[in-house]
Amino acid sequence: MEINGSFAQGGLLFGKTNSKNEVFFNNKKIFVNESGDFVLGIGRDEKLENSIIIQGLEKKETHKIKISKRKYKIQRIEGLPKNKVTPNKEELKRIKKESKKISSSKSKFLNKTLYKSGFIWPVKGIITGEYGNQRILNGQPRRPHYGLDISAVSGTKVISPSDAEVSLIMEDTFFNGKMIILNHGLGLNSIYSHLNKIYVKKGDKLKRGDLLAEVGSTGRATGPHLHWGMNVFNTAVDPEKLIQNQPKF
């Protein structure tokens, strides 16, 4: 077995084994394609001692995987409209419906390895929100931030960080505003939120560097920025760790 990437909470690991083997991460079965490729997403609060089991036709191997612990900051954001922090009953129904659609898109499986094109930044700017930080909105604690916020001038072009297929476009969501989800294969997907304008449509096949959209401030945003998230199915990982630890294929 070969495995590389970021061995940290929020990290992303890419593996290679015999295609006839079965792979389990902490007893959870991981898909292995016909070439023996597999992808592992390490959660924000994943335990530090983990195991990967490789079950072959004749033997079973257990590999211990150590994950480094990360410290997350407390991020305070003030000045948000009251309903964006505490939505009313109708808004909660809308949020639930949108969340279900987004989660369903993240769960879609694409038996391709488009991610092997490598990754670049989708936009250049100042990182104003880091992965994993606990957010306090208008004084009220909220769930951790599962992505990167990159501040840039409204209208700045956003590009695809890797080869991908467009799996979802939503023009007006409560939290994310205009948003796109890209599928990079074997469960790896990415999300782009608060967009001003979208240049792609669902089903488009993209190459790394292709034009996606423009930075905006739609949805729950206090100013123009791109929220960039990466997930393995619905496990959020840190896009910055992926850029810093480019996988070797």
Regarding [X] and [Y], does a basic nitrogen lie under 4.0 Å from an acidic carboxylate oxygen?
{"X": "Glu91", "Y": "Lys89", "answer": "no"}
{"X": "Lys29", "Y": "Glu22", "answer": "yes"}
{"X": "Arg70", "Y": "Asp238", "answer": "yes"}

- side-chain hydrogen bond (donor to acceptor under 3.5 Å, both in side chains) with Glu98: which of Arg94, Lys100, Lys96, Lys101?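 The single option meeting the side-chain hydrogen bond (donor to acceptor under 3.5 Å, both in side chains) with Glu98 is Arg94.
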
In this structure, would [X] and [Y] fall into the same cluster of hydrophobic residues linked by side-chain contacts under 4.5 Å?
{"X": "Ile159", "Y": "Ile243", "value": "no"}
{"X": "Val232", "Y": "Leu182", "value": "yes"}
{"X": "Ile53", "Y": "Ile30", "value": "no"}
{"X": "Val39", "Y": "Phe233", "value": "yes"}
{"X": "Ile42", "Y": "Ile65", "value": "yes"}

Only pairs under 3.5 Å count here: list side-chain donor-acceptor contacts from residues 106-114, not counting sequence neighbours, and write none if there are none.
from: Ser107; atom 1: OG; to: Ser103; atom 2: O; distance (Å): 2.9
from: Ser107; atom 1: OG; to: Asn234; atom 2: ND2; distance (Å): 2.9
from: Lys112; atom 1: NZ; to: Glu165; atom 2: OE2; distance (Å): 2.7

N/O donor-acceptor pair under 3.5 Å between [X] side chain and [Y] backbone:
{"X": "Ser151", "Y": "Gly125", "answer": "no"}
{"X": "Asn4", "Y": "Lys248", "answer": "yes"}
{"X": "Ser217", "Y": "Ala221", "answer": "no"}

- Any chance you could lay out the side chain to side chain contact (heavy atoms under 4.5 Å, CB included) test for Leu186 and Phe31, step after step, and finish with the verdict? CA-CA 7 Å; Leu186 300 195; Phe31 178 83; 3.9 Å; yes

Can you name the closest pair of heavy atoms from [X] and [Y] and give their distance?
{"X": "Gly216", "Y": "Ser154", "value": "CA-OG, 4.2 Å"}
{"X": "Ser162", "Y": "Gly118", "value": "OG-O, 3.0 Å"}
{"X": "Ile191", "Y": "Asn176", "value": "CD1-ND2, 4.5 Å"}
{"X": "Gln75", "Y": "Gly129", "value": "NE2-CA, 3.7 Å"}
{"X": "Lys157", "Y": "Leu211", "value": "CD-CD1, 3.5 Å"}
{"X": "Ala152", "Y": "Val123", "value": "CB-CG2, 4.4 Å"}

Could you tell me whether the side chain of [Y] reaches within less than 4.5 Å of the side chain of [X], counting heavy atoms only?
{"X": "Val166", "Y": "Ile180", "answer": "yes"}
{"X": "Leu168", "Y": "Met170", "answer": "yes"}
{"X": "Phe7", "Y": "Leu13", "answer": "yes"}
{"X": "Asn231", "Y": "Leu188", "answer": "no"}
{"X": "Pro122", "Y": "Leu226", "answer": "yes"}
{"X": "Met1", "Y": "Ile52", "answer": "yes"}
{"X": "His63", "Y": "Ile54", "answer": "yes"}
{"X": "Val215", "Y": "Leu195", "answer": "no"}

Check side-chain contact (heavy atoms from CB on, under 4.5 Å) between [X] and all other residues, then give those that pass, not counting sequence neighbours.
{"X": "Asp149", "value": "Thr128, Arg135, His145, His225, His227"}
{"X": "Asn245", "value": "Ser6, Lys241"}
{"X": "Glu2", "value": "Lys16"}

- Message: Using salt bridge (Lys or Arg N to Asp or Glu O under 4.0 Å), reason through Asp37 and Lys116 one step at a time and then give a plain yes or no.
- Response: CA-CA 10 Å; Asp37 298 298; Lys116 287 191 175 183; 3.0 Å; yes

- Item | Qualifying residues under side chain to side chain donor-acceptor pair (under 3.5 Å), relative to Gln244, sequence neighbours excluded |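 Once residues adjacent in sequence are excluded, Gln244 has no partner under the side chain to side chain donor-acceptor pair (under 3.5 Å) criterion.
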
Interatomic distance, [X] atom [atom1] to [Y] atom [atom2] [nearest 0.5 angstrom]:
{"X": "Trp228", "Y": "Leu148", "atom1": "CH2", "atom2": "CG", "value": "6.5 Å"}
{"X": "Arg76", "Y": "Ile136", "atom1": "CZ", "atom2": "CD1", "value": "4.0 Å"}
{"X": "His194", "Y": "Thr173", "atom1": "NE2", "atom2": "OG1", "value": "8.0 Å"}
{"X": "Thr17", "Y": "Phe38", "atom1": "OG1", "atom2": "CZ", "value": "6.5 Å"}
{"X": "Leu242", "Y": "His184", "atom1": "CG", "atom2": "NE2", "value": "9.0 Å"}
{"X": "Phe175", "Y": "Ile102", "atom1": "CZ", "atom2": "CD1", "value": "10.0 Å"}

- Task: Go through the steps to decide whether Lys64 and Glu49 satisfy the test salt bridge (Lys or Arg N to Asp or Glu O under 4.0 Å), and finish with yes or no.
- Result: CA-CA 7 Å; Lys64 296 297 181 186; Glu49 298 281 343; over 6 Å; no

[Y] versus [X], side-chain donor and acceptor atoms under 3.5 Å:
{"X": "Asn189", "Y": "Asn183", "result": "no"}
{"X": "Ser167", "Y": "Ser105", "result": "yes"}
{"X": "Ser190", "Y": "Tyr192", "result": "yes"}

- I would like to know whether Leu40 and Ile3 meet side chain to side chain contact (heavy atoms under 4.5 Å, CB included); could you show each step before the answer? CA-CA 10 Å; Leu40 283 176; Ile3 192 162; 3.9 Å; yes

Within 6.0 Å of [atom1] in [X], more than 12 heavy atoms from elsewhere:
{"X": "Ile126", "atom1": "CD1", "answer": "no"}
{"X": "Asn88", "atom1": "CG", "answer": "yes"}
{"X": "Lys60", "atom1": "NZ", "answer": "no"}

- With a distance cut-off below 6.0 Å to the six-membered ring centre and an angular limit of 45° from the axis, does Arg44 pair with Tyr131 as a cation-pi contact?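 That pair does not qualify as a cation-pi contact.
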
- What side chain to side chain donor-acceptor pair (under 3.5 Å) pairs are there with at least one residue in residues 202-215, not counting sequence neighbours?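 Output for this query lists Asn196-Glu214, Tyr199-Glu214, Lys201-Asp204.
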
- Item | Step-by-step side chain to side chain contact (heavy atoms under 4.5 Å, CB included) determination, Lys47 to Ile67 | CA-CA 7 Å; Lys47 61 184 182 178; Ile67 299 299; over 6 Å; no

- Message: Taking the ring of Tyr115 and the ring of Phe14, is the distance between their centroids below 6.0 Å?
- Response: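 Ring centres of Tyr115 and Phe14 closer than 6.0 Å.
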
- Between Leu212 and Ile198, does a side chain to side chain contact (heavy atoms under 4.5 Å, CB included) hold up when you go through it step by step? CA-CA 6 Å; Leu212 267 186; Ile198 294 172; over 6 Å; no

